[in-house]
There are 2 protein chains.
Amino acid sequence: MGRSIATIKDVAREAGVSISTVSSVVNGNKPVSEDLAARVRDAVQRLNFQPNHMARSLHAKRTQTLAYLTPDITNVAFLRTFKAIEATAHARGYSVFLLGTDGSVKTTEEAIDRVIGLRMDGAFFTMSWALAQTELRLHRLADRGIAMVGVSGSYNLPEIDCFLRDEEGGGYQVGDYLARLGHRNILCVGPLSSRAADMRWGGLRTALAAGAGEAKLTMAATEGYTAGAAYDAMQAAIGARAGFSAVVAFNDAIASGALAALADNGIEIPAGVSFVSFGDAHMDFHRPQITSVTFDEEGIAALAANRLIDRIEGIVTAPPAHERLPLKLSIRPSSRRIDS
Amino acid sequence: MGRSIATIKDVAREAGVSISTVSSVVNGNKPVSEDLAARVRDAVQRLNFQPNHMARSLHAKRTQTLAYLTPDITNVAFLRTFKAIEATAHARGYSVFLLGTDGSVKTTEEAIDRVIGLRMDGAFFTMSWALAQTELRLHRLADRGIAMVGVSGSYNLPEIDCFLRDEEGGGYQVGDYLARLGHRNILCVGPLSSRAADMRWGGLRTALAAGAGEAKLTMAATEGYTAGAAYDAMQAAIGARAGFSAVVAFNDAIASGALAALADNGIEIPAGVSFVSFGDAHMDFHRPQITSVTFDEEGIAALAANRLIDRIEGIVTAPPAHERLPLKLSIRPSSRRIDS
DNA sequence: ATGAAAGCGCTAACAA
DNA sequence: TTGTTAGCGCTTTCAT
C-alpha cells in the first residue's frame with residue numbers, strides 16, 4: 001500500500017532517459033529512436049505509469065472535463081441524453097459530470113460554481129425555466145471562456161448553440177391527430193408557467209383551430225413536474241366534471257400520475273377517455289400503451305456533444321446555431337375515434 | 001472573452017501583498033492582519049478570483065473527486081443512491097462522477113481506467129456480478145491508494161467496506177407473506193445467475209418451507225435485467241401454463257415487463273394472480289399498486305459516502321465493515337388471500 | 001534524436 | 001505577521 005504512484009521522473013530513471021523523452025514517447029508527438037522508445041515503453045509497463053491528469057491540465061489549461069446540467073437527474077429522458085453525451089465525450093477524450101439543478105436557481109448557481117471551480121472546459125445546459133432565470137449569471141462562464149451548448153428544453157439562448165426540440169410541431173401533431181379522431185374537448189395536464197408548456201399547448205391549439213371548428217382546451221395545472229402533482233391535478237379535473245374526451249399529458253411523469261388518478265376513478269383508457277403524452281419512452285410497458293410524442297434523445301445528444309467539443313477545440317468558430325429538431329408522434333392504442 | 005483568468009499572483013499584485021498571504025486569506029488557515037486580509041478579499045472580489053483546482057490538486061495529491069460505478073445509470077434506484085451520495089459528497093467538498101458499466105466487464109475496466117486516469121480519491125461500487133468478475137483487477141485501485149466502498153448490490157468484497165441490502169431477509173418477508181395468504185405455487189421472474197437472485201429466491205424458499213408445507217417455486221429466467229426480457233419470460237411462463245397463483249419480480253424493471261405480459265394475456269392483478277416485486281419505488285403510480293420490498297437508498301448512500309470520505313481523510317482506519325441493511329415489505333393491493 | 005530547464009498556479013516550509 | 005522559495009508532475013521551448 002505504501003508504494004507511491006510512479007511519475008514521469010521514475011519512468012525516466014528506470015529507462016535511463018530524460019523525462020522529455022518519456023513525454024515524447026507517451027504522447028507520441030515527437031520522433032524518438034526505436035531503441036529508447038522501447039525502453040521507455042518497458043519502464044512504463046513495469047512501473048504501471050499513468051500520466052498525472054492534474055499536472056497535464058495545469059499546463060494545458062484544459063481539464064478535459066465537461067458538465068451536464070439538468071433539472072432532474074431522475075428523469076429518464078435526461079438520463080438517456082446524458083448517457084449519449086457521455087459516450088461521445090468519452091470517445092473524444094472527455095469526462096462528464098452529471099449535475100442536477102433541481103430546477104432551482106440556487107442549486108443551479110452552485111452547479112455553475114462547481115463548473116468554474118473544477119475548471120471544466122464546457123457545459124451542457126438543459127434549457128429550462130430555472131436556467132433562464134440564471135441566464136444573467138451565465139456570463140460568468142462565458143467570461144472564463146467556458147464553452148456552452150443548450151440541449152433539450154425549450155429556451156433558446158441567443159449567445160450559445162442550442163439543440164432543442166420542436167415543441168410546437170409536437171403539439172401540433174397531437175392536436176391534429178386528436179382532431180381527426182373527432183375530439184373536441186381536451187384536457188391538458190401539466191405545469192402552467194413553463195415555456196415548454198406554452199409551446200406544446202400552443203401547437204396543440206393551432207392544430208385544433210385548423211382542423212376542428214369548435215374545440216375546447218381545458219388546463220389542469222400541476223405544481224411542478226411530479227407524478228404526485230399530476231395525480232392531484234387530474235383528481236381535481238375529474239371532480240370538477242370538466243367534460244373531456246381526451247387527456248394530453250405534459251410528459252411521462254405527469255402521465256403516470258394522471259393515469260393513476262384516472263384508474264382510481266374507474267375511467268378506462270381508451271374506452272372512457274383517450275390519452276396522449278409527451279413521452280420520454282419511459283412507459284413502453286404500460287398497458288395500454290400510450291400514444292406519445294417521442295424524440296431522438298441520442299441523436300440530439302451526439303450533435304450537442306460534438307458541437308461543444310468542437311468549440312472547445314476551436315474546430316468550430318461560426319456564430320451560435322439554433323436548431324429545433326423534429327418530434328415524432330408514435331401512435332399506440334390509448335386513443336380512439338369518437339363520434340361527434 | 002480574451003480576458004484571462006485571474007491567478008493568485010494577480011490577486012497578490014492587485015492587493016499589494018505576497019502570494020502566500022493571499023493563500024492564507026483564501027484558505028483561512030494562517031493568521032493575517034485584518035488590514036491585509038481586507039485588501040486581499042477586495043482584490044479577490046474585483047478580479048473574480050477562484051483558486052485553480054488543478055494546481056491545488058497537484059500539490060495536495062488529492063483531487064476531491066469520487067466515482068460512482070453502477071451497472072445501469074438508467075435504473076431509478078441507483079440514481080437515487082447517486083443523488084444522495086452526491087449530496088453528502090458535495091457537503092464535504094467532493095464532486096462525483098457517475099460512471100455506467102452496462103454490467104459488462106469491459107466497460108467496467110474502462111471506468112476503472114478513468115478513475116485512475118483522473119486520479120479520483122475514491123470510488124463507490126455497486127456490488128454487481130460484472131464487478132465481481134473484475135474483482136481481481138480492483139487491486140489496481142487499491143495499489144494506488146484509491147479508497148473504495150461497496151453499496152447496494154449483493155456481493156461482499158472482504159477487502160472493502162460494504163453497505164449492502166439484506167436480500168435474504170427481503171426474500172424471506174415476501175415468502176412469509178405469500179405463504180400466509182395461502183399461496184403454494186409461486187413464479188419467480190428474474191435473472192438466474194445472479195447472486196442477488198440467489199439470495200432473494202433463497203430467502204423466499206426458506207420462508208415457504210417454514211410456513212407452508214408443500215410449496216412450489218417455479219423460475220421464469222430472464223436474460224439480463226430489462227423489462228423486455230421479463231416480458232418474454234413471462235409470456236413463456238404463461239404459455240407453458242406453469243400454474244402459479246403469485247408472481248414475484250426481481251426488481252421494478254422486471255416487474256414492469258412481467259405486468260405488461262400479464263395484462264396482454266388478460267390476467268388481472270390481484271384477481272387472476274397476486275404480484276409482489278423487489279421494488280425501486282419506481283412504480284408508485286402503477287395501478288393497482290404493487291406490494292414490494294423497499295429499501296432506504298438515501299440512508300445507505302449517506303452511510304457509504306461518509307465512510308468513503310472518512311477513509312480518504314484518514315478519519316476511519318478500522319478494518320472494513322460489512323453491513324446488511326434491512327429491507328421492508330410494503331404491502332399494497334396487488335396480492336390477495338387464496339383458498340387452498 | 002536527446003536532454004536541461006523554465007514554467008503552469010498553488011501550498012507549505014522556512015526565513016525574516 | 002509577512003514574504004521568499006522550493007516543489008507537485010507534466011509539457012515544451014531551446015540548446016546540444
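Throughout, a chain's letter reflects where its sequence line sits, starting with A, and its residues are numbered from 1.
Rounded to an integer number of Å, the gap from CD of A:Gln64 to C1' of D:dT11 is 14 Å. Counting to the nearest Å, the C1' atom of C:dG9 and the CZ atom of A:Arg62 are 18 Å from each other. Atom CD1 in A:Ile8 sits about 11 Å away from atom C1' in D:dT12, given to the nearest Å. Between the CZ atom of A:Arg144 and the P atom of C:dG9 there is a distance of 13 Å, rounded to whole Å. Nucleotide D:dC10 holds its P atom 8 Å from the CZ atom of A:Arg56, rounded to whole Å. For the pair B:Leu58 CG and D:dG7 P, the interatomic distance rounds to 14 Å; values are reported in whole Å. In this structure, the CE atom of B:Met54 is 13 Å from the P atom of C:dG9, given to the nearest Å. Here the P atom of nucleotide D:dT1 and the CZ atom of B:Arg39 are 16 Å apart, to the nearest Å.
Legend: residues meeting salt bridge (Lys or Arg N to Asp or Glu O under 4.0 Å) with B:Arg311, ordered by chain and number and at least two apart, are B:Asp161. For A:Arg39, the salt bridge (Lys or Arg N to Asp or Glu O under 4.0 Å) criterion is met by A:Asp35, not counting sequence neighbours. Listed by chain and residue number, nothing satisfies the salt bridge (Lys or Arg N to Asp or Glu O under 4.0 Å) test with A:Lys61 (two or more places apart in sequence, or in another chain). Evaluation of the salt bridge (Lys or Arg N to Asp or Glu O under 4.0 Å) rule for A:Arg41 yields A:Glu34 as partners, not counting sequence neighbours.
Of the candidate nucleotides D:dG9, C:dT11, D:dT11, D:dG9 has the atom lying nearest to any side-chain atom of A:Ala55. Comparing C:dT2, D:dC10, C:dA12 by their nearest atom to the side chain of B:Asn29 picks out C:dA12. Side-chain atoms of A:Asn52 lie closest to D:dC10 of the nucleotides C:dT2, D:dT2, D:dC10.
Among residue pairs with one or both ends in residues 14-30 of chain B, those qualifying as salt bridge (Lys or Arg N to Asp or Glu O under 4.0 Å) are B:Glu14-B:Arg46; sequence neighbours excluded.
Where B:Lys61 and B:Pro31 each meet DNA chain D at their nearest nucleotide, the meeting point lying more 5' is that of B:Pro31.
Just one residue in the list A:Leu66, A:Leu141, A:Leu138 forms a side-chain contact (heavy atoms from CB on, under 4.5 Å) with A:Ile146, and that residue is A:Leu141.
B:Ser33 comes within 4.0 angstrom of sugar-phosphate atoms only, judged by non-hydrogen atoms across all strands, and of no base.
By the 4.0 Å N-to-carboxylate-O rule, A:Glu110 lies too far from A:Arg114 to be salt-bridged with it.
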I'd like a list of close polar pairs between nucleotides 3-7 of chain C and the protein, N/O only, cut-off under 3.5 Å.
residue: C:dG3; atom: OP2; partner: A:Ser18; partner atom: N; Å: 2.9
residue: C:dG3; atom: OP2; partner: A:Ser18; partner atom: OG; Å: 3.3
residue: C:dG3; atom: OP2; partner: A:Thr21; partner atom: OG1; Å: 2.7
residue: C:dG3; atom: N7; partner: A:Ser20; partner atom: OG; Å: 3.0
residue: C:dA4; atom: N6; partner: A:Ser20; partner atom: OG; Å: 3.3
residue: C:dG7; atom: N2; partner: A:His59; partner atom: ND1; Å: 3.3

